[in-house]
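Taking it in order: structure first as structure tokens, then the write-up.
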Amino acid sequence: MKITGSYTIDAPRDQVWSALNDMEVLARIVPGCERLVQTGENEYEGTVKIGIQSIKGSYSGKIRLEDIQPPHHYKLVASGRSSNGVVDGSGSVDLTEQDGKTVLTYGGDAQIGGTLASVGQRLIEGASKQMINQSLKALVEQITARNAPPAPAEPAAPAEPAAPAEPAVPPSNGLAAPAEARAAESATAIAAEVDQARPAFAAVQPTAAAPAQQSLPGFEQRTVVVPDHEQLKPESVVRGVLEDLLKERPWLPWVAIAFLLGVLFGRARRNSW
């Protein structure tokens with residue numbers, strides 16, 4: 001199965017390239033992505049819940065980026081596994097500047113196996129293109145959110161005036177001060193005896209610092225867990241598909257209304273006979 005297409009983004013190419021290489025952005029534009037982990041240099045793993053036609057399932061996928069040419073081209077190799085099927089493929093993404101905007105062109109080949117293949121190539125190809133379009137829409141929203149000015153900070157509430165300090169109450173008799181002095185002397189004596197009874201190694205223990213743990217050579221793993229309310233849900237994808245369909249074919253609702261009216265009038269005529 002081959003998939004090709006293009007999408008125009010109203011943003012400079014550098015911003016689009018930066019967003020495409022940000023894990024926080026990628027995790028939020030992949031439909032049904034719950035978790036994205038960077039396991040190596042330009043290597044990712046993730047968990048995606050997605051449904052194609054009547055087949056739904058949780059897929060564990062891997063993506064590797066190759067032939068990276070900032071800020072206009074890279075190649076990706078992907079594979080996904082679930083109880084419903086297997087998907088293996090590769091593709092490329094190219095960014096071209098045009099009148100201050102960015103034209104994103106994508107293309108790739110995919111091999112599908114398992115129960116997923118029984119759905120049919122045309123249905124899967126159509127659903128894949130629609131999901132890609134919704135992902136690119138989400139990418140535009142993420143870039144717009146990045147460019148939005150920060151919200152103004154709320155003014156701090158005025159501090160309440162401090163309550164006046166209460167005057168010290170002098171002792172009622174001359175015995176309070178000597179009693180407090182004797183209590184302080186007793187506490188000091190007890191502390192000195194405890195210090196003398198403490199083992200010698202306890203005194204030097206604070207000075208013996210543990211050796212600093214050295215970081216192991218290699219890549220530091222990063223993980224992005226997408227909150228439920230920030231995930232690109234299947235219902236959002238379906239809603240976006242319907243919106244695109246109505247934009248491309250604005251006459252479609254009128255055809256549906258005419259069809260319903262025809263059905264209603266036909267039933268009314270039959271009942272009158």
Can you tell me how far apart CG (Leu65) and CD (Glu41) are? Round to the nearest 0.5 Å.
10.0 Å
Take Glu43 and Lys62 through the salt bridge (charged side-chain N to carboxylate O under 4.0 Å, His left out) test and state the conclusion after the steps.
CA-CA 8 Å; Glu43 294 183 357; Lys62 296 182 179 181; over 6 Å; no
Within this structure, what is the OG1-NZ distance for the pair Thr96 and Lys101, rounded to the nearest 0.5 Å?
15.0 Å
Residue pairs meeting salt bridge (charged side-chain N to carboxylate O under 4.0 Å, His left out), one or both in residues 68-83, sequence neighbours left out, come to Arg81-Asp88
Using the side chain to side chain contact (heavy atoms under 4.5 Å, CB included) rule, take Gln38 and Met23 through it: C-alpha gap first, then chi angles, then the decisive distance, then the call.
CA-CA 8 Å; Gln38 186 173 9; Met23 283 186 61; 3.3 Å; yes
Enter the distance from Asp22:CG to Ser18:OG here, rounded to the nearest 0.5 Å.
6.5 Å
Do Glu24 and Arg28 sit within salt-bridge range, that is, some charged N less than 4.0 Å from a carboxylate O?
yes
If two hydrophobic side chains count as joined below 4.5 Å and joins carry through other members, does Leu20 share a cluster with Val37?
no
Contacts of Glu66 meeting side chain to side chain donor-acceptor pair (under 3.5 Å) (sequence neighbours excluded), chain-then-number -> Arg64
With a 4.5 Å cut-off on side-chain heavy atoms, are Ile3 and Lys129 touching?
yes
To the nearest 0.5 Å, what is the distance between CD1 (Ile68) and CG (Asn42)?
3.5 Å
Is the shortest heavy-atom distance from the side chain of Tyr7 to the side chain of Val140 under 4.5 Å?
yes
From CA spacing to verdict: side-chain hydrogen bond (donor to acceptor under 3.5 Å, both in side chains), Arg222, Thr39
CA-CA 7 Å; Arg222 294 179 57 197; Thr39 58; over 6 Å; no
Please tell me whether Tyr106 and Ile9 are part of a single hydrophobic cluster in this structure, the criterion being side-chain heavy atoms less than 4.5 Å apart.
yes
Quick one: closest heavy-atom pair of Thr47 and Ser58, and the distance?
CG2-OG, 3.7 Å
For Gln98 and Val103, the nearest pair of non-hydrogen atoms, with its separation, is OE1-CG2, 3.2 Å
Sub-3.5 Å donor-acceptor pair from the side chain of Ser90 to the main-chain atoms of Val77, do we have one?
no
Nearest atoms (heavy-atom pairs only) where Ala27 meets Cys33:
O-CB, 3.4 Å
4.5 Å side-chain heavy-atom contact, Thr102 and Arg13
yes
Side chains of Gln15 and Arg146, heavy atoms from C-beta outward: is any pair under 4.5 Å?
no
Smallest heavy-atom separation, Ala19 atom then Ile143 atom, equals CB-CG1, 3.8 Å
Quick check for you: to the nearest 0.5 Å, what is the distance between Thr8 atom OG1 and Leu104 atom CG?
9.0 Å
If every non-hydrogen atom of Ile29 is compared with every non-hydrogen atom of Gln142, which pair is closest and at what distance?
CG2-CG, 4.0 Å
In the single-linkage hydrophobic clustering (I, L, V, M, F, W, Y; side-chain heavy atoms under 4.5 Å), do Met131 and Ile63 co-cluster?
yes
Residue among Ser83, Ser79, Ser82 satisfying side-chain contact (heavy atoms from CB on, under 4.5 Å) with Tyr59:
Ser82
For Tyr44, which residues count as a ring-ring contact (aromatic ring centres under 6.0 Å, His included) partner, sequence neighbours excluded?
none
Taking only residues two or more places apart in sequence, or in another chain, which ones meet Gln111 in a side chain to side chain donor-acceptor pair (under 3.5 Å)?
none
Please identify each residue that fulfils side chain to side chain donor-acceptor pair (under 3.5 Å) with His73, with sequence neighbours left out.
Asp67, Asp94
Do you know which two heavy atoms are closest between Ile112 and Met1, and how far apart they sit?
CD1-CE, 3.9 Å
Look up atom CG in Leu95 and atom CG in Asp14, then write down how far apart they are to the nearest 0.5 Å.
9.5 Å
Is any side-chain heavy atom of Thr105 less than 4.5 Å from a side-chain heavy atom of Val93?
no
Once ring-ring contact (aromatic ring centres under 6.0 Å, His included) is applied, what residue pairs with a partner in residues 108-139 remain, sequence neighbours excluded?
none
